[in-house]
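First up is the structure itself, then whatever we jot down about it.
Predicted, not measured: the structure shown is a model, and the values here were computed from it. A note on names: the letters A, B, ... follow the listed sequences, proteins ahead of strands, and every chain is numbered from 1.
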Amino acid sequence: MRAVFVREIRLNMKQLIIWSLTVGILGLVCILMYDSMQGDMKSMADMFSQMGAFSDAFGMSTLSIATVEGFFATEVGTVHGLGGAMFAAILAIGIISKEEDGHTGEFLLSLPISRRRVVAAKGGCVLVCLAAFSCVCALFYALGFVMLGEDIPFSKLAVFMAMQLLMNIEISAICFFISGVSPKINIGAGLGVALICYVYDLVGRVVPDMKDYLFMGPYSYANASEIFSGADIAVAGVAVGLVITVVAYVSTFVCFDRRDLAS
Amino acid sequence: MENVIKIRGLTKNYGKNRGVIDVNLDVAKGDVFGFLGPNGAGKSTTIRSMLGFLRFDEGSISILGMDSVRDHEKILRDVGYMPSEAWFYDTMRVSEVIKYAADVRGLDCAQEAAKLCERLKVDTHKKIKELSLGNRKKVSIVCAMQHRPKLFIFDEPTSGLDPLMQRNFFNLIDEYVRDGATCVLSTHVLSEVNRYCRHAAIMRDGRLMMLEDTNIDEDAFLKYYMDEEEM
């Protein structure tokens, strides 16, 4: 199992580096933009905070973008939320199905390793890559605060990155399941999962009737504006996320173990 | 004599498509067994069922005295399989693929792998994506042989290999079999069966039939490949 895990890490290293640097540097650039926009920010913040449902949707009614934390939450929160979800989806959606899509499944599964161990090694690789991605991005964001001469909001940043990691794991778990039951790599389906989750949250925050159902989506507990405004962690959302993650992983083990391997 | 492969009543359906029907097969230890049949007759389905790639509907398969479903992982430790297509990970080098196969087995096969690479003239520095089908097949042969398994299963091993490599391949098989291994050879090449196999069976329309003699002439052989209307 270790050999499969190490090989998967090596195969995904390039992708991990590209996504970590891209999202991390984008976030860093966003933070640094605060300095140049600070002068105009007060009037913009007042305007943005009075846009009703749209202000709620982007968290600008609870947090002022005139402050560095508010600016981070609204700008970097969106960049990292979308970038991380897309990376999680792309990473997980092909990690199992690539064996059948690339006709390497017969080689791998003719070696003395059970399908469950293969799934475990690949799942482990996804988790390690997502954790590494979060760490690299967090370092860039912390660097952004330092470069602005601001104090790093350690506890809020840590909670935000932890919730984002949990959200990424949930999205990757759904894509991991799709990868385990499909003999083809479905990048489109993976990106679809990530974008549907994002849009679901966005619409849920704009449409008042949907607010009660926000907890079903992974973005509900990873919302940067809520975390940086000091709101309580959305326990129901986290619980649903954990259940979805566990069910998706267990289903992947069961389904991949039972299905016929495409030639 | 001890049977290395024992298949009883194997049936596999693919929904509307026929797979294999009530296949019974015994392969004795030390045998070089020819497995013949037209494309789509069920040879690969039988082999893939033996290796656990497919879940069969009925019957039982015993390999090296172990149940193919329950003891799947244990069986694969002593099996060397070469698929007909020989696909690997494009970005890896030949040496990495060979070592990876040994690592997953938890074995150090460097010495045997080096011997095989020399005999088969495998360039271990090349990337997989730079290899022709024939060279990929040679890598596949090394991966199947380097751990000196008790049972070899080869699916159309010589397609794409030049005549000299074909001879080297069969010389290797002969050496391993003399050391106690058993070999199942799925092929369309009659001369290989005539020359190298001790026993053979032919699959047709999902059913298996043992051949009395491996020295069959081409006309009799081709009859198995013809549709009933053509005969």
Q. Taking B/K74, B/R105, B/E85, B/M92 one by one, which has the highest count of heavy-atom pairs under 4.5 Å against chain A?
A.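 Most heavy-atom pairs under 4.5 Å with chain A: B/R105.
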
Q: Identify whether the distance between the nearest side-chain nitrogen and carboxylate oxygen of B/E112 and B/K115 falls below 4.0 Å.
A: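 B/K115 and B/E112: salt-bridged.
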
(Q) For B/D179, is there an ion pair with B/R148 - N to carboxylate O distance below 4.0 angstrom? (A)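 Between B/D179 and B/R148 there is a salt bridge, with a charged N closer than 4.0 Å to a carboxylate O.
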
Q: Establish, for the pair B/R136 and B/F88, whether the NZ or CZ atom is under 6.0 angstrom from the six-membered ring centre and no further than 45 degrees off its axis.
A: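 No, B/R136 does not sit over the ring of B/F88.
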
(Q) Against the six-membered ring of B/Y14, is B/K12 placed for a cation-pi contact (under 6.0 Å from the centre, within 45° of the normal)? (A)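 Cation-pi check for B/K12 and B/Y14: passes.
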
Q | Engaged part of A/R115 at the chain B interface, taking heavy atoms whose separation is under 4.5 Å | A |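 The answer is the side chain of A/R115.
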
Q | Per-residue contact mode, A/R117 against chain B (heavy atom under 4.5 angstrom) | A |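 Contact with chain B: side chain only.
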
Q.
Among A/E99, A/K98, A/R2, which residue has the highest count of heavy-atom pairs closer than 4.5 Å to chain B?
A.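 That would be A/E99.
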
Q: Count the heavy-atom pairs under 4.5 Å between each of A/R10, A/R258, A/R259 and chain B, then report the option with the highest count.
A: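 The candidate making the most pairs under 4.5 Å is A/R258.
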
Q. Within a strict 4.5 Å, meaning less than it, do heavy atoms of the B/F35 and B/T46 side chains meet?
A.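 Yes, side chains in contact.
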
Q.
Which atoms of B/E73 are under 4.5 Å from chain A, going by heavy atoms: the side chain, the backbone, both sets, or neither?
A.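 Both parts, heavy atoms under 4.5 Å.
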
Q | Part of B/M82 lying under 4.5 Å from any heavy atom of chain A | A |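 Neither part, no heavy atoms under 4.5 Å.
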
Q. Does the salt bridge (Lys or Arg N to Asp or Glu O under 4.0 Å) test come out yes or no for B/R119 and B/E175, once each step is laid out?
A. CA-CA 13 Å; B/R119 295 271 297 266; B/E175 289 167 27; 2.7 Å; yes

